[in-house]
Every structure is written in C-alpha cells, then in structure tokens.
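Below is one structure, written out as structure tokens; comments come after it.
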Amino acid sequence: MAKEKEELKTEEVKSLDKEEKKAEKLKAKEDKKADKLKAKKEKADAKKKELSDEIDELKKQIADEKDEKAKNKLRAKRDELQAQLDAIKKSADGMTIPMAKNTKKCITTCVAVVLVVALLVTYVATGAVRHGLMSTLSVPQKTFTGMVITDGDGEKHRVKVATYNYYFALYYNNLRSNQEQYAQYGIDMSEDSVDFDKKLKDQTTTNDDGDTVTWADKIHDEVLENIKDTYIYYYEAVKANDGKEPSITKDQKKELKETLDNYEETAKGYGYTLSGYLTAAMGKGVDEKLFRHEAEISYISENYKTEYQEELNKKDYSNADYNKYKKENKDDLVVVDCMFFECDSEDDAKDFVKELKSDGSNFAQLASKYTDSEEKFEKNAFKNPVETTYKEITRSTFQNSLGAAIAQADEHEHEEGEEEEHTYSGLDWIYSSKRKAGDIKQYSTSVVYMLKKARMSDTQTVNVRHILIAPETETDEDGNKTEAVDATAKQWKKALKKAKKVLAEYKKGDKTSDSFAKLAKKYSSDGNAEDGGLYENVVPNQMVPTFNAWCFDSSRKDGDVDIVQTKYGYHIIYFEGHGKYPVWKYTAQQALASDDSADVMEKLEKGYKIKQTWLGSRYFETDTDIDS
C-alpha cells in the first residue's frame with residue numbers, strides 16, 4: 001500500500017512538472033512577444049518625444065516671430081511634424097494603446113459577448129486554490145435563483161447563481177488582463193486600478209455617479225448591469241420568436257466551437273475535463289453546458305439588438321421634417337466636387353500649384369510626381385493612378401477621412417478651463433457659396449482645385465452586393481495573415497484568376513441578386529458575406545476610391561456586374577439599384593431615426609429591473625482569489 005502511495009505521489013509530481021514546463025513554455029512565448037512589443041513601443045515613444053519637443057519649440061518660435069511670412073513657414077513645419085506625431089499615435093499595429101477620453105470607464109466595463117474575453121491559463125491555478133478541485137458539483141450555484149429580472153410587462157424571469165459567477169469571472173478576468181496590459185505598456189492607471197493582492201472589499205474607487213465605493217461593490221453592480229443589459233434583448237428576441245429561443249448564425253456556432261475546443265485542449269494540459277477547467281477558472285456552477293448557453297444567449301441578444309435597431313432606423317418622416325432638418329443642418333449636407341492632394345511639405349505644395357494648369361488637366365499627373373513612397377507602391381501594385389478627384393464630398397468626410405491640412409482647426413489660444421471653440425477657415429473656403437469651378441487653394445501642404453461649388457445634391461444612395469477575393473498572403477510568426485497590399489504579384493494574379501472563375505460561375509446561373517448572394521456566402525472573405533455581400537444605402541466616398549467610382553458611375557444600371565480592384569483584393573460587384581432617398585435626405589432620415597430609436601431603446605431598457613435574491617447572493621463570487 002505504501003509503495004502504491006509512493007508511486008501515486010511520484011506520478012503527481014511528474015504531472016505537476018509537466019504542467020510547470022508547459023506553463024514555462026507558454027510564459028516564454030508570451031514574454032518574447034511582449035519584449036517585441038515593448039521594443040517597438042520604446043522606439044515609438046522616443047520618436048513621439050522627439051517630435052513633441054520639436055513641436056513645442058516651434059510653437060515658441062511662432063509666438064515670438066513678427067514676420068508673417070516666416071511665421072507661416074514655421075506653422076507649416078509644425079503641421080508637418082504634428083501629422084507625423086498623429087500618425088504614430090494612431091498606429092494600428094498593436095504596439096500602442098490609445099487613451100481615449102473614457103478609457104478608464106472602458107477598461108472596467110465587461111463586454112457581454114463572451115468570446116471577446118479569453119480565459120487566461122494563469123488563473124486556473126488560483127482558481128483551483130479558491131474553489132478546490134471538488135467544486136465541480138456546485139449544486140447551490142446551479143439550482144438556486146441568484147437574480148430575478150422583471151420585464152416591461154411585469155413578467156418575472158429567474159436567473160441562476162451560476163450565471164452571476166460566469167459574468168463575474170468575465171468582468172474580473174477582463175479587468176485584470178487589461179490592467180496588466182496597460183501596465184506593461186507603461187500607462188499609468190494608478191488612479192483607478194485594483195491591487196489584485198488585496199481583497200476587493202478593502203479597496204475603494206469611484207463609481208459612475210461619483211460616489212466612493214469599494215471595488216467589490218463596484219464590480220458587483222457592474223456585473224448585475226451587464227447581466228440585465230444582455231438578458232433584456234435575449235428575452236425580447238424570445239418574445240419576438242413566438243416564445244422560442246432563436247438560432248445563432250453559422251459563424252457564431254463555429255466561433256463558439258473553436259473557443260471551447262481551445263479551452264478543452266488547455267484543460268487537458270492541466271489534467272482537467274473541460275467543465276472542470278471552466279469551473280476552476282470561472283467559478284462554481286460554471287461548466288461546459290452553462291458556458292455554452294450563456295455564450296449563445298449573448299449572441300442571440302446581440303443579434304436581436306442589432307436587428308431591432310436596424311428596424312427602428314428605417315422609420316420614415318414627412319417632407320416637413322426633412323426640410324426642417326435640411327434648413328438646420330445645411331452646412332453638413334452640402335457637397336462639392338474638387339481635386340485634392342496632400343503634399344509632403346509646404347514647398348512641394350507651392351511648386352505643385354506653380355505647375356498646375358488653369359484647367360486642372362494635369363492635377364493627377366502632378367499628384368503622381370509629388371506622391372510619397374507608400375502611395376507610389378500602391379500605384380504600382382494596383383496599376384491605379386493616385387486618387388485626386390472627389391465628387392459630392394461632404395464637409396465631414398473631407399475633415400475626417402482625407403487627413404488634409406486644409407481641414408484642420410485654425411490655431412487659436414484659450415484660457416485654461418475655457419471651452420475650446422474651433423474655426424476651420426480652410427473648409428470654410430472650400431464650402432463657401434462664393435466658390436466657382438477653377439478656383440485654386442494652397443493651404444500649408446494641401447492643394448485644392450474646385451470642380452463644382454457647394455450645393456445640395458440629388459444623387460441617390462445605391463445598393464450593391466460584392467464578393468471579395470483577397471490575395472492569399474503569407475502568415476507571420478504570430479500566425480496572422482499579412483495585409484493584401486503586401487501580397488506578391490503572383491498572389492494578386494492568383495486572386496484575379498479566382499475572381500474571374502467566380503464571376504463565370506455567376507454568369508452560368510440565372511444571374512439574379514439571390515444567386516449572387518449565394519456565391520457571396522460561399523466565396524467572399526468580407527465581413528458581410530453572411531448577408532450575401534449586401535451594402536445598402538451606400539453614399540458617395542463611403543467606399544474606397546475605385547469601388548466608389550464604379551458604384552456612382554452615371555451609366556450604372558440594375559444588374560450590372562464587374563470585377564473591381566482595390567487595396568483589399570478583387571471585388572466582384574453586383575449593382576442592386578438605387579436607394580429610396582437622395583443622399584441628403586437619407587442622411588437626414590438616419591439622423592432623425594437614430595435619435596428616435598435611442599429614445600425607444602432607452603424606454604425599453606428602463607422598463608427592465610434586476611434584483612438579487614438574498615439566498616442566492618450568499619453563493620455569488622464576490623472577491624479575489626486571496627479569500628480562500
């Protein structure tokens with residue numbers, strides 16, 4: 001017997017050693033990735049500091065400079081450096097984490113859809129300590145009612161304790177993971193962070209009402225709110241489906257299966273069943289069955305909420321409503337036609353204007369001459385000229401999408417604490433009623449040539465379907481596919497061949513919208529493939545240039561189909577037809593409906609109440625692992 005015990009003990013030690021080695025290997029991999037990100041971030045931070053210092057120095061020189069011409073040169077240099085700084089700050093390669101205005105709220109908010117949050121294997125060990133290896137039974141958590149949700153009709157819905165524990169784990173793990181990530185990148189969250197080595201009930205923070213509360217109370221309130229927010233639209237979805245639970249999409253089923261398969265693989269490495277692993281990581285009562293169902297509930301809730309909002313946003317209004325909106329928001333609705341190019345420097349912009357012909361006929365040619373290396377690469381890769389012509393572009397699109405110096409706010413000074421009021425003299429020039437075709441404006445690094453003055457357009461929105469065939473690019477060391485723009489000529493050629501093959505398959509069929517939609521679901525790599533590749537109510541300049549040009553070609557007819565190349569790949573586009581509204585009226589309708597739908601949804605949400613039960617709350621997860 002003693003020998004058997006010794007052998008069992010030896011096996012346990014071996015198993016633990018095996019687990020430790022796996023954990024060490026995983027940690028080493030993560031550390032390597034973190035070191036790479038850290039090195040990138042340090043390099044970016046150094047460049048940001050260098051640029052910030054130069055900009056501050058230029059601001060001082062601008063303030064001291066008396067000569068207006070010299071001052072303008074300094075401003076141009078400042079704008080150029082600011083653009084570089086903004087580009088680094090907005091980098092989307094994952095090495096920087098932008099601190100938005102409401103970042104601290106975001107970091108402590110748990111997204112309801114479970115698959116957004118990954119279970120971290122490091123929590124399994126602490127979970128095992130907290131719950132014990134026999135916690136998988138979890139009878140009270142699976143059977144006791146933890147909360148009662150009352151809907152707008154007064155009907156009561158009972159929710160188990162295990163659901164609370166599931167949401168608590170999502171919030172807690174998400175909070176901990178995000179906080180560690182922010183700390184890794186050197187972002188100070190000390191004003192609103194948790195010490196995970198102390199009990200939550202022994203630490204205070206501020207809630208959304210500005211009151212001082214313990215972290216335990218804040219997380220508890222947030223968890224209840226997250227449960228209510230998710231279940232509101234789940235219950236509404238069931239009501240709308242004659243009392244039956246709607247199905248989730250194929251992609252959602254696939255995503256859920258892949259997630260659980262990954263968790264099961266991890267669980268095996270730690271000697272757990274999948275349910276045992278989920279219980280250890282997420283709390284008592286959380287097994288595979290509950291995890292799966294809560295994930296499905298989140299999907300159903302999100303699907304219904306989206307559909308409900310879309311339906312509300314279809315509301316139509318009277319001509320009086322539209323005309324009133326037009327009158328009150330004219331500046332945001334008018335459009336212009338122009339040619340525009342952003343040079344690398346103010347000197348280049350001045351030279352550009354000197355060479356520009358009075359009829360603007362060489363504008364695109366000059367843009368190719370003065371373009372930067374990245375755009376030249378794209379020009380060569382896609383055999384498209386540099387985009388310079390923008391038709392029916394609104395003020396907001398010009399301001400938010402083109403990265404133009406002429407669309408930036410004017411320099412101004414304001415007292416500390418005083419509300420900033422920006423002016424935009426460059427945009428005011430472009431959208432002035434005084435403009436006429438042929439007017440030219442050089443502003444800092446921007447060059448604008450007017451084709452048509454500001455006006456209210458009668459162009460209608462368009463409805464199209466598309467199938468995206470992206471080049472099959474290589475996979476990097478982290479397992480991510482590289483961008484289409486990095487594809488080789490051979491990969492682009494292969495993508496075109498496939499696009500032509502799909503188009504031929506369409507033409508062999510009955511050539512209808514429905515048949516095209518089926519092919520989109522089968523072949524398209526775009527995110528809207530499940531919807532048959534449909535884009536409704538597309539407005540000018542919403543899509544990338546070549547896609548946009550095809551959609552708004554004046555000769556376009558219902559049923560037209562063609563292959564168009566963009567930097568994302570080859571798009572097989574099917575023209576469904578024009579939308580119901582001209583663009584300005586569609587913009588008005590969406591704005592009016594958005595306000596109304598927000599009111600409707602707010603009223604719906606206020607009609608739901610959630611209340612915890614006394615007995616069930618005794619079994620809630622309420623604090624950190626150190627409570628064991």
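What you see is a predicted model; the values in this text were computed from it and never measured. Values below: all heavy atoms of this structure, side chains included; hydrogens, waters and symmetry mates excluded.
In this structure the side chain of His157 reaches within 4.5 angstrom of the side chain of Glu155, judged on heavy atoms.
Scanning both residues, Trp550 and Asp560, for their nearest heavy atoms gives CH2-O, 3.7 Å. Of all heavy-atom pairs between Tyr506 and Thr512, the closest is CE1-O, 3.7 Å. Between Lys156 and Val148, the closest heavy-atom pair is CB-CG1, 3.9 Å. Contact record, Ala593 with Leu312: CB-O, 4.0 Å, taken as the closest heavy-atom pair.
Taking the six-membered ring for Trp, Phe144 and Tyr619 have ring centres closer than 6.0 Å. Taking the six-membered ring where the residue is Trp, the centroids of Tyr263 and Phe291 are separated by under 6.0 Å. Two rings, from His466 and Tyr574, have their centers 6.0 Å or more apart.
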Worksheet item: Could you go step by step and tell me if Asp321 and Ser318 meet the side-chain hydrogen bond (donor to acceptor under 3.5 Å, both in side chains) rule?
Response: CA-CA 5 Å; Asp321 290 327; Ser318 68; 3.1 Å; yes

_Residue pair Asp151, Tyr235: steps toward the side chain to side chain contact (heavy atoms under 4.5 Å, CB included) verdict_ = CA-CA 8 Å; Asp151 64 25; Tyr235 291 138; 5.7 Å; no

### Query
Where do Leu333 and Thr394 land on the side chain to side chain contact (heavy atoms under 4.5 Å, CB included) test, with the steps shown first?
CA-CA 7 Å; Leu333 297 175; Thr394 62; over 6 Å; no

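With no hydrogens or angles considered, a side-chain donor-acceptor pair links Gln612 and His220 at under 3.5 Å. No hydrogens or angles considered: a donor-acceptor pair under 3.5 Å links the side chains of Thr163 and Glu294. In this model, a donor atom of one side chain and an acceptor atom of the other lie less than 3.5 Å apart for Tyr234 and Glu245. Side-chain atoms of Gln141 and Tyr166 form no donor-acceptor pair, as typed in the model, at a separation below 3.5 Å. Inspection of the Tyr608 and Glu236 side chains reveals an N or O donor paired with an N or O acceptor under 3.5 Å. Of the N and O atoms on the side chains of Ser275 and Thr273, not one donor lies less than 3.5 Å from an acceptor on the other residue. A side-chain N or O of Glu392 and one of Thr459 form a donor-acceptor pair less than 3.5 Å apart. Looking at Thr214 and Gln203, their side chains never bring a donor and an acceptor atom within 3.5 Å of each other. Side-chain contact, Asp316 with Tyr322: a donor N or O sits under 3.5 Å from an acceptor N or O. For the residue pair Ser298 / Ser301, no side-chain donor-acceptor distance below 3.5 Å is found, with atom types taken as modelled. No side-chain N or O of Asn313 forms a donor-acceptor pair with one of Tyr308 less than 3.5 Å apart.
Aromatic ring pairs are classed by plane angle as parallel below 30°, tilted from 30° to 60° and perpendicular above 60°; the pair Tyr272 and Tyr277 is perpendicular.
Once rounded to the nearest 0.5 Å, the distance linking CG of Asp229 with CG of Leu224 reads 11.0 Å. Of the inter-residue distances, the one linking Tyr164 atom OH with Glu621 atom CD reads 9.0 Å to the nearest 0.5 angstrom. Annotation: the span from Ile572 atom CD1 to Lys500 atom NZ amounts to 11.5 Å, rounded to 0.5 Å.
With a 6.0 Å cutoff to the six-membered ring centre and a 45° limit on the axis angle, Lys201 does not count as a cation-pi contact of Trp215. Judged by the 6.0 Å and 45° rule, Arg176 forms a cation-pi pair with Phe196.
Screening Glu255, Gln252, Lys253 for a side-chain hydrogen bond (donor to acceptor under 3.5 Å, both in side chains) with Tyr299, the sole residue that qualifies is Glu255. Applying side chain to side chain contact (heavy atoms under 4.5 Å, CB included) to Phe575 and the options Asp553, Val462, Asn463 leaves one that passes, Val462.
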